[in-house]
Structure formats: C-alpha cells, structure tokens
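Predicted model only: the values in this text are computed from it and were never measured.
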Amino acid sequence: MCHQFIFIQNLNTFFLETNYFPILKMYRLTLKCLALKLLLLISCDARHSVYWRGNRRSIAEGESSGTFNVLGYGAKGDGRTDDTKAFEDAWNEACKVAASTLLVPSGSTFLVGPVSFLGKECKENIVFQLDGKIIAPTSSSAWGSGLLQWMEFKSLTGITIKGKGVIDGQGSVWWNKSPDYDTADENDMMKNQEGTKMPGTKPTALRFYGSNGVMVNGITIQNSPQTHLKFDNCVNIQVSDFTTSSPGDSPNTDGIHLQNSQDAVIYRSTLACGDDCISIQTGCSNIYIHDVDCGPGHGISIGGLGKENTKACVSNITVRDVTMHETTNGVRIKSWQGGSGSVKQVMFSNIQVSEVANPIVIDQYYCDGGGCHNETSAVAVSNINYINIKGTYTKEPVRFACSDSLPCTGISLSTIELKPATDKASSSEPFCWEAHGELKTETLPPIQCLKTEKSISQSSSDAC
C-alpha cells in the first residue's frame with residue numbers, strides 16, 4: 001500500500017517539473033479517485049485487524065466477529081492437556097458480546113476440570129456451540145474434597161448449548177462397581193498418585209442454576225458420575241434432540257433432573273441411565289414432556305418429595321408419547337412420610353412400556369436406604385390422570401400405596417392394557433391402599449381395588 005503512494009507522489013512531481021500542465025490536469029481526477037480507493041482499503045484492513053486482535057482468531061476461518069473459538073485462547077484439544085483456563089478465558093470474552101458464540105470445534109477432545117460459567121455481568125443470548133468432545137478429569141486431585149457439579153452455567157438470561165458434540169463425565173471411576181481408586185492414566189495431565197480415592201460427593205455433569213431462557217439441543221452427555229443434566233431455579237427451559245448414555249447399573253445417574261423450575265418442555269430425546277430418566281422435584285410446575293425414549297433406567301418420576309419433613313409443591317405436569325423399555329418403573333410419583341405440600345394436576349398419556357417392572361406407581365411410603373419411621377403427615381396427591389398406557393410388565397402392573405392420613409384422590413384411569421412379560425409376573429395383581437378415583441374404561445388387568453371417589457379434607461399445611 002505504501003509503494004502505491006510513493007508512485008503517485010513521484011508521478012505528480014514529474015508532471016510539475018516538466019511543465020506538462022495539460023497532462024497533469026487530465027490526471028487530477030484519476031489521482032483523486034485512486035486516493036479515495038486506497039483510503040477505503042486501508043480503513044477496511046484496519047477494521048479486520050481490530051477484529052482479529054479482539055477475538056484472537058483469523059477472519060479467514062469464516063467465523064463471525066461474535067464467535068470465540070476456545071482454540072484461539074490456548075486450548076490444545078488433545079485430550080491430555082488441561083484446557084480449563086482456555087474455556088474460562090473464551091467465556092469471559094464471549095460474555096461481553098450479546099448473542100455471541102463460544103465455539104468448541106469438532107475434531108478435538110478437550111480435558112476440562114470443574115468450571116463455572118457465571119452470567120451476572122454477561123450479555124444476553126449467548127450460545128455455547130459444542131461440536132467437539134469435552135471430557136472430565138479422572139483423578140481425585142481435580143475434585144478436591146468433592147463437588148456437586150462439574151460444569152455449571154449460572155445466573156444467565158438466554159443461554160443455549162447446542163451442537164452434535166459430547167460431554168463425557170468418565171464416571172466409571174466414581175461408580176460403586178468400579179475400582180475405588182482413580183485411574184492414574186499416564187496420559188491424564190490432571191492425575192494424582194495412584195491409589196488415591198475419589199471423593200464421596202459425586203458431581204452432576206452439567207447444571208444450570210438461576211437462569212431464564214435455557215435451551216439444550218442436539219448434544220450428548222454420557223457416563224456422568226451422577227446426574228447428567230440438572231436445572232435448578234430456572235424458568236423457560238427447552239430440551240430437544242438430547243441424549244444421555246450411561247449403563248443401567250450406574251448409581252444415581254439421573255438423565256434430566258428438574259428442581260424449583262417452571263415452564264419447561266422436554267422432547268425428542270433419548271435417555272439411558274442408571275436412575276430416573278427424568279426426575280421432577282419440588283418447586284416444579286408447567287412441565288411438558290413428550291416424544292422421549294427411556295431405558296435403561298428407573299422411568300419418569302415425580303419425587304421423592306417431602307424428605308426430612310419438608311414441604312413439596314409440584315403441579316401441572318404432562319408426560320405423553322413416551323416409550324419405556326427394561327426400566328424398573330414406568331411413570332411414578334413417590335414421597336416420603338412426614339412431608340407436606342401437594343402433587344396435583346398430572347397427566348400421563350400414550351405411554352408404551354416393554355418389560356417394565358412396575359409401569360404405574362404412586363408410593364407415599366417411599367424410603368431410600370432404610371431407617372424410615374411411620375409418620376402421620378404426607379404430601380397430598382390429587383388429580384392424577386392415566387390415559388392409554390399399554391405394554392408388558394415383569395413385576396407388578398399397578399401400585400397405589402397411599403397415606404392412611406392423607407389418601408390419594410382424583411385418580412383417573414382410561415385405556416390401560418398391561419400384560420405380563422413372564423409367567424412369574426402373570427400372578428401379580430394391581431395393588432391399592434387408600435387410593436380413590438374412577439375407571440373411565442375397563443382396564444387390563446382389572447383394577448378392582450381402586451375406591452370410589454370421595455371428598456377428603458386436607459389440612460392447610462398441605463396447600464401450596
């Protein structure tokens with residue numbers, strides 16, 4: 001660019017010195033046009049240079065000015081080097097730009113330790129584009145005395161995680177049937193001395209907390225040490241085309257866990273895990289789940305609610321067009337004795353079960369781990385509708401175990417067709433205890449134990 005300016009200056013001097021004023025006059029307009037073009041080119045190049053410096057990447061890569069590639073912040077993506085800081089640095093830059101994208105590119109595996117992506121100072125509508133693979137450290141030293149989550153997004157407005165990438169919690173080192181010690185893989189740059197036990201507290205793989213407008217689309221989370229995907233104190237949630245993949249015997253590895261969250265839609269997802277495919281806990285309302293494949297796992301559950309005499313409130317839950325196979329339960333509501341609050345306005349519709357141990361369950365005597373005592377108070381269960389639930393079972397087709405002091409009310413069943421998958425299961429009949437409602441149609445097997453609906457008073461402490 002500088003050479004072109006020198007040439008123009010020399011040409012101008014020539015015309016002046018040789019007195020070729022007519023010729024010079026003819027070239028004045030041309031020189032002005034050339035100068036204007038050169039200024040535009042320089043300005044354009046300067047802007048490109050600023051963008052490159054700000055985002056640490058080349059415009060030639062085809063990324064927009066709002067894209068922040070973790071490779072440009074020092075990530076190696078070799079599956080051995082600790083890339084945690086690179087992810088943090090890329091997030092801090094993306095955080096400053098509304099509707100920006102943090103890119104985890106395909107073709108690389110990133111080793112990332114426990115990390116929180118905080119959003120109080122962030123702009124809105126950030127996208128975490130996951131096309132590559134993220135793996136968790138397998139050494140105890142990376143987890144200290146134990147953490148509740150591995151990757152956390154907190155206090156954000158409009159946060160999306162999407163792509164075809166994978167988050168791998170490498171949970172086998174945490175599970176009960178795995179070795180008690182870390183792997184001490186020589187390729188793991190975050191390893192500790194061999195023989196060091198993993199902490200007793202197992203982390204959730206991916207957690208969203210206190211956020212509004214959360215979207216998860218297309219990604220896979222596999223082998224989580226505990227829950228795969230958790231939403232806590234969030235509103236306006238959408239999960240679609242999402243996959244979890246962990247062995248059926250991996251302990252406490254819920255697929256999706258919702259707590260104190262409202263207005264959520266979960267659909268077109270495949271969930272295989274060692275606990276509830278979807279777990280809905282206290283404080284949840286307006287939850288819509290459809291077109292989900294569940295298994296292996298423990299089915300889709302509301303609860304356990306009311307543990308340690310706490311109050312639980314759950315309402316307006318719809319689960320429909322779901323397939324379950326080889327799960328321990330189908331659709332289940334479970335609560336601890338001694339709790340308070342209520343579960344109400346729930347619909348389970350178009351559920352297909354295959355070799356499911358217990359397809360339909362309400363259990364107000366839930367006790368995980370033993371040592372439970374009889375209590376008079378309970379979480380009230382009312383207005384529960386079962387429509388078009390069909391398939392095979394291996395243990396007990398229907399179980400309604402409701403509280404003596406606060407029976408279940410408003411149970412409605414229509415088009416229930418459950419057949420035994422084995423000869424042993426054929427001798428099992430539906431079980432009811434203090435369950436009140438009505439049969440809209442004939443059922444298979446006949447549910448003769450359901451009591452005719454009646455009005456039952458509830459104490460004020462059970463209101464939500």
Side-chain angles (χ1 to χ4, degrees), residues 247-251 254-255 270-279 289-304 317-335 346-368 381 384-402 407-408 410-452:
D249 60 352
S250 55
D254 289 10
T270 301
L271 308 175
C273 56
D275 210 305
D276 296 328
C277 291
I278 300 176
S279 171
I289 299 164
H290 67 94
D291 296 288
V292 168
D293 182 90
C294 168
H298 293 182
I300 295 178
S301 295
I302 298 174
I317 310 297
T318 298
V319 179
R320 63 178 302 160
D321 303 318
V322 169
T323 300
M324 299 187 184
H325 46 92
E326 299 178 2
T327 56
T328 57
N329 300 285
V331 289
R332 176 172 58 158
I333 298 172
K334 53 182 179 176
S335 64
V346 178
M347 182 177 74
F348 300 112
S349 175
N350 299 334
I351 312 295
Q352 185 68 40
V353 297
S354 176
E355 297 188 25
V356 169
N358 309 289
I360 298 174
V361 178
I362 296 178
D363 184 6
Q364 287 185 290
Y365 298 90
Y366 180 71
C367 180
D368 184 17
V381 178
I384 314 298
N385 302 290
Y386 301 91
I387 303 170
N388 194 33
I389 300 179
K390 299 179 179 180
T392 59
Y393 64 92
T394 61
K395 187 176 179 181
E396 189 174 45
V398 177
R399 183 173 184 82
F400 295 138
C402 299
C408 303
I411 297 174
S412 172
L413 298 107
S414 174
T415 318
I416 308 300
E417 296 181 11
L418 299 171
K419 301 177 181 179
T422 63
D423 292 337
K424 184 178 180 180
S426 63
S427 61
S428 179
E429 297 181 355
F431 172 85
C432 304
W433 182 262
E434 291 298 339
H436 301 261
E438 65 174 323
L439 303 177
K440 299 285 189 179
T441 66
E442 292 185 357
T443 64
L444 181 68
I447 306 175
Q448 299 173 343
C449 58
L450 186 68
K451 294 183 178 181
T452 303

| request: Starting at CD1 of Ile333, measure out to OH of Tyr366 and round the result to the nearest 0.5 Å. | output: 14.5 Å
| remark: When every non-hydrogen atom of Ala357 is compared with those of Thr328, the smallest separation belongs to CB-O, 3.2 Å
| Is the closest side-chain donor-acceptor distance between Asp254 and His298 under 3.5 Å? | no
| query | Any chance CD of Glu442 has more than 12 other-residue heavy atoms, nucleotides or ligands included, within less than 6.0 Å? | reply | no
| query | Is there a donor-acceptor pair under 3.5 Å between the side chain of Asp249 and the backbone N or O of Gly274? | reply | no
| task | Taking the side chain as every heavy atom from C-beta outward, state whether Thr443 and Val398 have any pair of such atoms under 4.5 Å apart. | result | no
| field | Ser250 side-chain N/O to Pro247 backbone N/O, donor-acceptor pair under 3.5 Å | value | yes
| message | Tell me if a side-chain donor or acceptor on Tyr365 pairs with a main-chain N or O of Cys402 at a distance below 3.5 Å. | response | yes
| How long is the gap from CD1 on Ile289 to OG1 on Thr318, to the nearest 0.5 Å? | 9.0 Å
| query | Can you name the residues that form a salt bridge (charged side-chain N to carboxylate O under 4.0 Å, His left out) with Glu417, not counting sequence neighbours? | reply | none
| remark: Residues at least two apart in sequence or cross-chain that pass salt bridge (charged side-chain N to carboxylate O under 4.0 Å, His left out) with Asp276, listed by chain then number, are Arg332, Lys334
| His290 side, atom NE2; Ser349 side, atom OG - distance, nearest 0.5 Å | 12.5 Å
| field | SG proximity flag Cys432/Cys449, limit 2.5 angstrom | value | yes
| field | Single hit among Ile302, Ile300, Ile384 for side chain to side chain contact (heavy atoms under 4.5 Å, CB included) with Ile317 | value | Ile302
| said: Restricting to non-hydrogen atoms, name the atom on Ile351 and the atom on Val319 that form the minimum distance, rounded to 0.1 Å. | reply: CD1-O, 3.8 Å
| query | How would you list, by chain and number, every residue that makes a salt bridge (charged side-chain N to carboxylate O under 4.0 Å, His left out) with Arg320, sequence neighbours excluded? | reply | none
| field | Side chain proximity check, Asp293 to His325, heavy atoms < 4.5 angstrom | value | yes
| query | Do you know which two heavy atoms are closest between Gly295 and Thr327, and how far apart they sit? | reply | CA-CG2, 3.7 Å
| query | Can you tell me if Ser414 uses its side chain to pair, donor with acceptor, with the backbone of Ile387 under 3.5 Å? | reply | no
| Donor-acceptor pair, side chain of Thr441 and main chain of Thr415, under 3.5 angstrom | yes
| message | Using modelled atom types and a 3.5 Å cut-off, is there a donor and acceptor pairing between side-chain atoms of Ser301 and backbone atoms of Gly303? | response | no
| remark: Rounded to the nearest 0.5 angstrom, the CD1-CD distance for Ile447 and Glu438 is 12.5 Å
| Where is the tightest heavy-atom contact between Phe400 and Ala435, given as atom of each residue plus distance? | CB-CB, 3.6 Å
| query | Closest heavy-atom contact between Ser428 and Tyr393? | reply | O-OH, 3.7 Å
| How long is the gap from CD on Gln364 to OG on Ser335, to the nearest 0.5 Å? | 4.5 Å
| query | Tell me, do Val356 and Met324 make a side-chain contact under 4.5 Å, heavy atoms counted? | reply | yes
| task | To the nearest 0.5 angstrom, please state how far the CG atom of Leu413 sits from the CG atom of Leu450. | result | 6.5 Å
| request: For residues Ile360 and Ile416, determine if any side-chain heavy atom of one lies less than 4.5 Å from a side-chain heavy atom of the other. | output: yes
| query | How about Glu434 and Lys451: do any of their side-chain heavy atoms sit closer than 4.5 Å? | reply | yes
| message | Let's go through Val292 and Cys277 carefully: what are the C-alpha distance in whole Å and the side-chain angles of both, what is the deciding distance for side-chain contact (heavy atoms from CB on, under 4.5 Å) to 0.1 Å, and is it a yes or a no? | response | CA-CA 9 Å; Val292 168; Cys277 291; 5.8 Å; no
| query | Side chains of Pro445 and Pro430: does their closest heavy-atom pair fall under 4.5 Å? | reply | yes
